[in-house]
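Just so it is clear: chains get the letters A, B, ... in the order the sequence lines come, proteins before strands, and each one is counted from 1.
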Amino acid sequence: MKINIKRYNSETDLQEIQEFSLPFENSTLLDALNYIKIKLDPSLSYSAGCRSGVCGSCGVRVNETEELACSYKISEGDLIEPQNNLPVVRDLIVDTQKMLKFTRIAKAWSSENSENILVSEQQVALNEVQSDCILCGSCFSACPVYATNEDFIGPFALTRSWRYVSDVRENDVQEKIESIQENGIWDCTLCNECVPVCPQGIAPKQDIAMLRSKAGIMGFMDPNFSSGMSFGGGFLETFTP
Amino acid sequence: MNFTHEIEFYEQRALVGRNFYEQAGIKRDQEGLETLLKKVNYAKVHLSQMGPVDRSKIYNTNLVEFIEFSNSLELAEIILKGALTRKESRGAHFREDIQSRDDKNFAGHTIVWKEEADLCIDFIV
């Protein structure tokens, strides 16, 4: 079986697609990468950890769709590339600092816990799925908004934000909602690209929609509507009062 | 030290791993442990001929895996010498050749230290 891997070396700035022949079929992509590294080309670079879909280290793109290398079964002629929207360090390895930076901007953490609060099973269920995030970056890579807005907080950090905003123990929700107004929830196009690629069944688009309603209830508004229904440089600008 | 690439360390890594599973698992005996120790020593002695192929300074996982392999050989020797010196069976350390427990000599932690290049083993009883 043959698979193609996009190689990149930042020392030489060389980029090429290299074909590798494998003497087996029915294997995961990670096993194939390991075979290539051990038997064919030790310079092939990729990240991996647990080998069982738990750690989220081996996110890559296969035929332009985000996958975990350890969970994906290879097919003839597959094209393997590094994730989108992040700087490539080498071959399939990307620098995730940019993605993690957005969790800081969104203040997507537990900041102030209420005291003496009892959490019911239903309340735990509110963000159980979002808590399962393994930080693989698939949603971040699939998001098309980055093509036009480099500063978009993005599906990864926004899902994380909803995980804490929806937590009944969280006292400072206001601060979190405020920090995702600019380049945040209103800049998402709700295109749904981030939903099917999540290996954990998280739906960032849905979480962003939840954050929008929460923000609406708290008195925040979509800036695209407040500036005269322009939809961000859209077609109704002549109607601006 | 100058590292050449005459022996593939990935093959040695697989070999040591497989042999450890078979001969230094829960059931072990003196003969198996000694054979294994020879293989580990072979790898340690020839380490300078097993250098990484990849010479890049950027995210060199070939080099990282080589360093990990080199460290695992240090630990392998400690495990094997500890198991050889502990002439009794206790919990997950089951010596097929010495199946009884010996609290008088071995009811305590194994202490390992280095003198020059030699490993020294003692037990805190």
If you count the non-hydrogen atoms of other residues, nucleotides and ligands that lie under 6.0 Å from [atom1] in [X], is the total more than 12?
| X | atom1 | value |
| --- | --- | --- |
| B:Lys27 | NZ | no |
| B:Glu96 | CD | yes |
| B:Ile26 | CD1 | no |
| B:Gln49 | CD | yes |
| A:Asn26 | CG | no |

(message) Quick one, A:Ile38 and B:Arg13 - any side-chain contact, counting heavy atoms below 4.5 Å?
(response)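 A side-chain contact exists here, since the closest heavy-atom pair is under 4.5 Å.
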(message) Less than 4.5 Å apart, side chain to side chain, heavy atoms only: is that true for B:Tyr59 and A:Ser47?
(response)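 Touching, per the 4.5 Å side-chain cut-off.
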(request) Report the distance from atom CZ of A:Arg90 to atom NZ of B:Lys57, rounding to the nearest 0.5 Å. (result)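 Here the rounded value is 12.5 Å.
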(request) Rounded to the nearest 0.5 Å, what's the gap from CG on B:Asn62 to CG on A:Leu44? Could you check? (result)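 CG of A:Leu44 is found 10.5 Å from CG of B:Asn62.
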(message) Minimum heavy-atom separation for A:Ser10 and B:Ile58, please, with both atom names.
(response)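 Shortest heavy-atom separation between A:Ser10 and B:Ile58 comes out as OG-CD1, 3.2 Å.
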(request) Determine, for A:Lys37 against B:Asp54, whether the closest basic-nitrogen to carboxylate-oxygen distance falls under 4.0 angstrom. (result) no
